[in-house]
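To find a chain, count down the sequence lines: A is the first, B the second, and so on, and within it residues start at 1. Reckoned from all heavy atoms, side chains included, excluding hydrogens, waters and symmetry mates.
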2 protein chains.
Amino acid sequence: MVRERADAARNRLRVLAAAERLFARRGVAGVTMDEVAAEAGVGKGTLYRRFGDKGGLAVALLDERERELQQGILDGGPPLGPGAPPAARLTAFVAAYLELVATQLDLVLMSETSSPGARLRTGAHAFWRQHCRYLLRDANTPESELRADLLLAGLAAEQVHHWLHDEHRDLTDLTHGLSTAALALIQRHP
Amino acid sequence: MVRERADAARNRLRVLAAAERLFARRGVAGVTMDEVAAEAGVGKGTLYRRFGDKGGLAVALLDERERELQQGILDGGPPLGPGAPPAARLTAFVAAYLELVATQLDLVLMSETSSPGARLRTGAHAFWRQHCRYLLRDANTPESELRADLLLAGLAAEQVHHWLHDEHRDLTDLTHGLSTAALALIQRHP
DNA sequence: GACGTTAGCGGACTCGAGTCCGGTTCGTCA
DNA sequence: TGACGAACCGGACTCGAGTCCGCTAACGTC
């Protein structure tokens, strides 16, 4: 693992700053990759070499926010962090994750829908899945892997976008409803 | 509502037949709309006028299979059709729907991922949602609308594809696991 | 059977994502 | 400090989705 070259590092920062500016001004979907490259003063090849595709660019921009949540899960206070019972941690996760997705909806949407299956391939998703699996397993939930995936499918940006924008649901209600559903899933079936 | 023009009807059938041939031979993702148009002996504009986009073409090809399942739900025998208790009907639906998705995976995938949110906008999806909502409501499940969407999110082609292809899960196990999860969701939370 | 209306047709066109590769710059080692 | 190789740069290029609009032919009317 060698250190990142100076020009590469500079261009990476330029691209992220340019993308942030353009996305803020005109929305994620309304900005082309050519425009990002131009705004960053960089060639298109550079963009793609580093970020893979438009979804990868979104992932990079989300990185910081996601790290914060991951940190809170790993060594923050309960109920999100360690120490609380699994059910409480699970509902805390649902609430915190929904909050994150709702505030970064366009970016998450782009990161998850840039290509079919993109959602399931991000590094962040592997983390959320691992965490949910662990909590369900800890609560002796049967089929914990499957149910973790099921819960996360319901938290997908596409679905959240639909609830929030098409059905005009309120984030608070959504959080409550999904937390309750998560509790139903974590329970052993009688 | 006027009757479909003769040339339009002829071209519709030609396009569907051509698409079916090409998709069978080279996979849904490996066929371009130009090729479908050429194989059907029809212009590209005709394709798009009638089917909207590649996802719409997939929807049209799925139509018959979906109608069969819808028929079975509306007036087939129990447990899928009316007569059985809601929980039994729900697990029967999960099994039947998974079966349908698994056997037409590429087509369903195309119909659901051709554009972001496409899955939630198809007519068929409205039917499945309505049915699940009805069953959950009938069983006095709280937040029945939300939970119906959650269940269907887990049955999305993208997710099923991942379970089946990336994780090499067996369809039978998947059916069993998701049926059990559906039962957890239909239950009133203690 | 001729005529006007209009839905439907089709292929050239636009637009953006993603690829490719010749040229350049950086970091290293003598 | 100079030279070498690897990593990186960038913009021209390809490829496919989806649009547009002048033209054609089907259907209803007389």
Problem - Atom-pair distance (CG on A:Asp7; P on C:dG27), nearest Å - result: 7 Å
Problem - Residues touching DNA chain C, which here means a heavy atom under 4.0 Å, drawn from residues 9-23 of chain B - result: B:Asn11
Exercise for the section: May I have the distance from B:Arg50 (atom CZ) to C:dA7 (atom P), rounded to whole angstrom? Expected result: 14 Å
Practice task
Would you give a per-nucleotide map of nucleotides 14-24 of chain D, 5' to 3', where B means the base has a protein non-hydrogen atom under 4.0 Å away, S means only the sugar-phosphate does, and - means neither?
Solution key: --SBBBB----
Exercise for the section: Report yes if the side chains of B:His125 and B:Arg121 come closer than 4.5 Å at any heavy-atom pair, otherwise no. Expected result: no
Handout entry: Salt-bridge present (B:Glu4, B:Arg12; N to O < 4.0 Å)
Key = yes
Exercise for the section: Verify, without hydrogens or angle tests, whether A:Arg89 (side chain) and A:Ile73 (backbone) share a donor-acceptor contact under 3.5 angstrom. Expected result: yes
Handout entry: B:Glu167 atom CD: more than 12 heavy-atom contacts under 6.0 Å
Key = yes
Practice task
Could you check whether the rings of A:Phe93 and A:His131 sit parallel, tilted or perpendicular, using 30° and 60° as the cut-offs?
Solution key: perpendicular
Handout entry: Non-hydrogen side-chain atoms of B:Glu66 and B:Phe127 separated by less than 4.5 Å
Key = no
Handout entry: Ion pair B:Glu39/B:Arg14, N-O distance below 4.0 Å
Key = no
Exercise for the section: For A:Glu20, look at atom CD and say whether over 12 heavy atoms of other residues, nucleotides or ligands are found less than 6.0 Å away. Expected result: no
Fill in the blank from the handout: Separation of C:dG11 atom P from B:Glu35 atom CD, nearest Å, is 16 Å
